[in-house]
Participant: 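Structure provided below as structure tokens; questions to follow.
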Amino acid sequence: MPGNTFGTIFKITTWGESHGKGVGVVIDGCPPQMPLTQTMIQAMLDRRKPGGSSASTTRKEPDQAVIMSGVFENMTTGTPIMIMVENRDAESKAYSSYATLYRPGHGDISYMAKYGIRDWRGGGRASARETVARVAAGAVARAILEQHGISVVAYTLELGGIRAVNHDLSVIDQNMFLCPDSNAAEKMALRVETVKNQGDSLGGIVEIVASGVPAGLGNPVFDKLDAELAKAVMSIGTVKGVEIGAGFEAARMLGSQNNDPITPEGFLSNNAGGILAGISNGDKIIVRAAVKPIPSIAIEQKTVNIEGKQETISVKGRHDISAIPRINVVCETMVCLVLVDQLLQQKAMKNA
Ligand SMILES: Cc1cc2nc3c(=O)[nH]c(=O)nc-3n(C[C@H](O)[C@H](O)[C@H](O)COP(=O)(O)O)c2cc1C
């Protein structure tokens with residue numbers, strides 16, 4: 001079935017369901033002779049794990065990555081790399097009462113419409129558990145990008161309507177919401193607590209910045225770099241909007257405000273978000289993702305059962321209050337995957 005593979009040269013295929021035996025990824029097209037260890041992958045997976053913030057589920061998964069192939073003596077061999085992570089702390093029983101009910105906001109009803117069958121345990125394939133596999137692949141992509149002086153960071157710009165005013169990247173890892181504004185992070189904590197007690201959930205905005213990206217990455221018209229990034233970030237569950245640079249704000253600007261004047265030293269502003277005509281211009285690439293609130297909430301809502309009969313549902317169990325901040329490393333991952341693929345495409349074109 002299509003839809004589980006991403007990339008052109010650096011190509012990943014993820015597999016697995018939330019409460020199956022495990023999840024994993026096969027990476028094809030990774031260059032040979034690149035250092036790669038389980039520790040490098042584990043460091044990224046640990047950033048996705050629950051438990052880091054009050055907005056996260058209490059599911060406790062060790063998320064131990066095992067490299068099954070494609071690496072010899074801690075170096076990539078150029079053959080397919082397969083990485084596997086076992087599911088350990090799955091409580092499928094907690095989902096049995098929803099086996100015949102569709103959760104509003106989740107993929108239950110649409111998966112059933114498409115396949116006529118669904119693994120209802122923990123959201124099956126539509127679960128965020130799938131993102132473990134992407135993040136493992138992202139660790140490999142990031143290692144390649146680092147060799148080329150490219151770094152990618154994501155942080156929380158907004159959570160539950162509370163926006164970061166300061167942009168001090170040095171404090172991101174000092175608060176549980178990965179926010180560049182410590183004061184805003186404190187307010188976010190209070191907001192999460194209130195909403196959690198109400199049995200509800202929250203959304204927000206993640207900003208992703210890629211630095212050191214050379215000019216010239218991307219393609220014309222259908223495969224523009226901004227289009228590739230939008231698709232990649234939008235492929236993450238809960239992401240309902242993607243902006244590049246000034247994004248929707250550009251619609252309210254004058255041309256004289258929105259253009260980034262050019263000097264011999266570089267651009268004087270970056271409303272373009274580092275991309276012009278679908279091709280990187282050498283400036284920082286700036287992407288923002290609008291993250292919707294988590295669909296599984298305790299507050300009672302109307303739904304239907306699999307026979308189409310009216311019912312009500314209140315989802316109990318171990319759910320995140322918000323995909324933020326666990327989604328941040330997934331956003332970084334998707335940007336890394338696009339950039340590494342574009343980098344390898346550019347190399348292939350130049351060597352042709
Ligand atoms: C990091 C992360 C954590 C998530 N945690 C949950 C969760 O605990 N419960 C839930 O119902 N949905 C959770 N989701 C959201 C669903 O996966 C997502 O809303 C669902 O697949 C429907 O897809 P859509 O939001 O793209 O329409 C999470 C998503 C991400 C990215």
Side-chain angles (χ1 to χ4, degrees), residues 3-4 14 16-19 23 44-61 63 85 87 89-92 94-95 97-99 101-115 118-136 138 154 156 159 176-178 192 195-196 199-206 208 230-242 289-299 301 303 313-335:
N4 300 296
T14 72
E17 286 85 21
S18 182
H19 290 195
V23 290
M44 288 288 277
L45 289 184
D46 288 349
R47 292 178 54 210
R48 198 213 70 99
K49 269 203 289 204
S53 90
S54 55
S56 301
T57 169
T58 51
R59 181 169 170 172
K60 285 197 171 53
E61 287 282 4
D63 286 352
V85 176
N87 293 333
D89 190 24
E91 275 183 7
S92 301
Y95 284 83
S97 38
Y98 315 117
L101 287 181
Y102 297 135
R103 284 171 297 167
H106 217 297
D108 306 341
I109 195 166
S110 49
Y111 263 57
M112 200 62 174
K114 182 168 177 67
Y115 300 106
R118 75 193 166 96
D119 181 347
W120 46 261
R121 303 165 307 162
R125 183 76 180 143
S127 162
R129 185 92 193 123
E130 181 272 339
T131 62
V132 169
R134 302 178 188 215
V135 171
T156 303
L159 178 59
M176 63 180 158
F177 298 112
L178 309 179
V192 165
V195 167
K196 193 194 264 186
D200 219 330
S201 62
L202 288 170
I205 301 173
V206 177
I208 311 116
K231 177 180 175 172
V233 174
M234 192 74 101
S235 78
I236 309 168
T238 67
V239 174
K240 290 292 152 189
V242 177
V291 176
K292 79 177 191 185
I294 292 292
S296 299
I297 55 171
I299 288 181
Q301 291 190 300
T303 190
I313 187 169
S314 151
V315 186
K316 307 270 164 43
R318 302 175 303 173
H319 291 279
D320 293 301
I321 304 302
S322 173
I324 294 175
R326 295 180 60 216
I327 197 172
N328 294 20
V329 68
V330 188
C331 293
E332 279 178 21
T333 286
M334 293 316 296
V335 170

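In listed order, ligands and their atoms are each counted from 1.
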Participant: Closer than 4.0 angstrom: is that true for some heavy atom of Pro295 and an atom of ligand 1?
Facilitator: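 Judged by the 4.0 Å heavy-atom criterion, Pro295 does count as contacting ligand 1.
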Participant: Determine whether a donor-acceptor pair (N or O, by modelled atom type, separation under 3.5 Å) exists between the side chain of Asp320 and the backbone of Thr57.
Facilitator: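 Checked: pair present.
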Participant: Between Ser296 and Arg103, do the side chains contain a donor N or O and an acceptor N or O under 3.5 Å apart?
Facilitator: yes
Participant: Distance to 0.1 Å, residue and atom name: give those for the protein heavy atom nearest to atom 22 (C) of ligand 1.
Facilitator: Gly105 O, 3.9 Å
Participant: Do Arg134 and Ser235 have side-chain N/O donor and acceptor atoms under 3.5 Å apart?
Facilitator: yes
Participant: Can you list the atoms of ligand 1 that are under 4.0 Å from a heavy atom of Arg103?
Facilitator: 11 (O)
Participant: Taking side chain to side chain contact (heavy atoms under 4.5 Å, CB included) as the test, write out the residues that go with Asn87, two or more places apart.
Facilitator: Val23, Arg59, Glu61, Arg129
Participant: Quick one: does Ser296 get an N or O within less than 3.5 Å of an N or O on ligand 1?
Facilitator: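 Yes, at least one N or O pair falls under 3.5 Å.
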Participant: Heavy-atom contacts with Ala128 under 4.0 Å: which atoms of ligand 1 show up? List them by number with element.
Facilitator: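 Near Ala128, the atoms of ligand 1 are 2 (C), 3 (C), 4 (C), 17 (O), 28 (C), 29 (C), 30 (C).
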Participant: If you measure only the distance, is there a donor-acceptor pair under 3.5 Å linking the side chains of Lys316 and Ser314?
Facilitator: yes
Participant: What residue and atom, counting heavy atoms only, is the protein's closest point to atom 9 (N) of ligand 1, and at what distance?
Facilitator: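 Of every protein heavy atom, His319 ND1, 2.8 Å lies nearest to atom 9 (N) of ligand 1.
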Participant: My understanding is that we take every heavy atom of each candidate and find the minimum distance to atom 1 (C) of ligand 1. Doing that for Thr57, Ile294, Ile327, which one comes out nearest?
Facilitator: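 Ranked by closest heavy atom to atom 1 (C) of ligand 1, first place is Ile327.
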Participant: Relative to atom 27 (O) of ligand 1, which among His106, Arg318, Lys240 owns the nearest non-hydrogen atom?
Facilitator: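 Minimum heavy-atom distance to atom 27 (O) of ligand 1 goes to Lys240.
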Participant: What is the closest protein heavy atom to atom 31 (C) of ligand 1, and at what distance does it sit?
Facilitator: Gly237 O, 3.4 Å
Participant: I'd like to know if the side chain of Ser322 reaches the main chain of Leu202, judged simply by a donor and an acceptor atom lying under 3.5 Å from each other, with no hydrogens or angles considered.
Facilitator: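 Between the backbone of Leu202 and the side chain of Ser322 there is a qualifying donor-acceptor contact (under 3.5 Å).
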Participant: Apply salt bridge (Lys or Arg N to Asp or Glu O under 4.0 Å) to Arg48 and Asp63, showing your working.
Facilitator: CA-CA 9 Å; Arg48 198 213 70 99; Asp63 286 352; 3.8 Å; yes
Participant: Would you mind finding which of Gly107, Ala126, Ser110 brings a heavy atom closest to atom 21 (O) of ligand 1?
Facilitator: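 Selected option, by shortest heavy-atom distance: Ala126.
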Participant: Could you check whether any side-chain N or O of Thr131 sits under 3.5 Å from a backbone N or O of Val330, counting only pairs where one atom can act as donor and the other as acceptor?
Facilitator: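 No; judged by distance alone, with no hydrogens or angles, the pair does not exist.
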Participant: Looking only at protein heavy atoms, which one is nearest to atom 15 (C) of ligand 1, and what is the separation?
Facilitator: Thr238 CG2, 3.3 Å
Participant: For Asp320, counting its heavy atoms only, list the atoms of ligand 1 lying under 4.0 Å from any of them.
Facilitator: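 Those of ligand 1 that fall under 4.0 Å from Asp320 are 3 (C), 4 (C), 5 (N), 6 (C), 7 (C), 8 (O).
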